[in-house]
Novice: 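The structure that follows is given in the form of structure tokens.
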Amino acid sequence: MLNGTGSVALRSGRRLPAKYQFGTHQEHHWVGYLICDTESVDPSEFSYKILLQCEGGIAVELAVTNWTARYMAVVGCPLPEFNQVA
């Protein structure tokens, strides 16, 4: 399992602090959870890809498969280093 902290960039440009837990984190296939407060976020923010910027500098492009006010279930893949958002 891969755990850590980072921030989520939503489609609107808004950033949310988040903890992440990925049970599967192979080269091009990551599956896990983001733990963050989504209570005040418009659900339409999850209808497109979101970007997780991990504390170690890795950027992961994710699709939200389910969410509650406290977590999001996600799938995605890490972005190549040259394509990451600073």
Side-chain angles (χ1 to χ4, degrees):
M1 182 167 286
L2 178 65
N3 299 322
T5 59
S7 66
V8 176
L10 300 174
R11 183 173 61 165
S12 65
R14 182 176 174 190
R15 288 197 171 270
L16 301 173
K19 293 181 182 179
Y20 56 85
Q21 297 177 341
F22 290 104
T24 301
H25 56 283
Q26 299 166 354
E27 184 178 346
H28 296 291
H29 184 74
W30 290 29
V31 178
Y33 295 95
L34 301 181
I35 301 159
C36 59
D37 183 5
T38 61
E39 193 169 44
S40 64
V41 178
D42 184 338
S44 69
E45 294 277 13
F46 307 128
S47 64
Y48 193 69
K49 298 173 189 170
I50 61 173
L51 183 70
L52 171 65
Q53 187 71 41
C54 300
E55 63 188 359
I58 297 172
V60 185
E61 191 172 50
L62 300 168
V64 177
T65 59
N66 192 17
W67 75 91
T68 69
R70 299 283 175 231
Y71 79 91
M72 291 182 266
V74 294
V75 297
C77 61
L79 293 176
E81 198 170 313
F82 62 86
N83 196 21
Q84 293 183 14
V85 176

Novice: Would you give the length of the straight line joining atom CZ of R15 to atom OG of S7, rounded to the nearest 0.5 angstrom?
Specialist: 4.0 Å
Novice: Decide whether V60 and L10 are clustered together by the hydrophobic rule: side chain heavy atoms of Ile, Leu, Val, Met, Phe, Trp, Tyr closer than 4.5 Å, transitively.
Specialist: yes
Novice: Does T68 reach the main-chain N or O of Y71 with its side chain, forming a donor-acceptor pair under 3.5 Å?
Specialist: yes
Novice: Check which hydrophobic residues are tied to V75 through side-chain heavy-atom contacts below 4.5 Å, counting indirect links as well, and list them.
Specialist: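 V31, listed by chain and number.
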Novice: Take L2 and Y20 through the test side-chain contact (heavy atoms from CB on, under 4.5 Å) and record every step on the way to the result.
Specialist: CA-CA 8 Å; L2 178 65; Y20 56 85; 4.2 Å; yes
Novice: Quick check on the hydrophobic clustering: are V41 and L34 connected, directly or via other members, by side-chain heavy-atom contacts under 4.5 Å?
Specialist: yes
Novice: Does the side-chain contact (heavy atoms from CB on, under 4.5 Å) test come out yes or no for S44 and R11, once each step is laid out?
Specialist: CA-CA 9 Å; S44 69; R11 183 173 61 165; 3.9 Å; yes
Novice: T24 side chain to W30 main-chain N or O, any donor-acceptor pair under 3.5 Å?
Specialist: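 Not confirmed, T24 side chain does not pair with W30 backbone.
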Novice: Verify whether one side chain among E55 and T5 offers a donor that lies under 3.5 Å from an acceptor in the other.
Specialist: yes
Novice: Give a yes or no on whether the backbone of S12 and the side-chain of E45 come within a donor-acceptor separation of less than 3.5 Å.
Specialist: yes
Novice: Output every pair passing ring pair (Phe, Tyr, Trp, His ring centres under 6.0 Å) with a member in residues 37-56, not counting sequence neighbours, ordered by first then second residue.
Specialist: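 Qualifying pairs: F46-W67.
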Novice: Is there a path of hydrophobic side-chain contacts, each under 4.5 Å between heavy atoms of I/L/V/M/F/W/Y residues, joining I58 to L52?
Specialist: yes
Novice: Measure the shortest side-chain to side-chain distance between C77 and H25 over non-hydrogen atoms and say whether it is less than 4.5 angstrom.
Specialist: no
Novice: Would C36 and M72 count as a side-chain contact (heavy atoms from CB on, under 4.5 Å) here? Give the steps.
Specialist: CA-CA 8 Å; C36 59; M72 291 182 266; 3.4 Å; yes
Novice: Go through R70 and T38 one step at a time and tell me if the side-chain contact (heavy atoms from CB on, under 4.5 Å) criterion holds.
Specialist: CA-CA 6 Å; R70 299 283 175 231; T38 61; over 6 Å; no
Novice: If I compare all heavy atoms of G32 with all of F22, which pair ends up nearest, and what's the gap?
Specialist: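 So the minimum-distance heavy-atom pair works out to N-CD2, 3.7 Å.
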Novice: Are any non-hydrogen side-chain atoms of N66 and V74 less than 4.5 angstrom apart?
Specialist: no
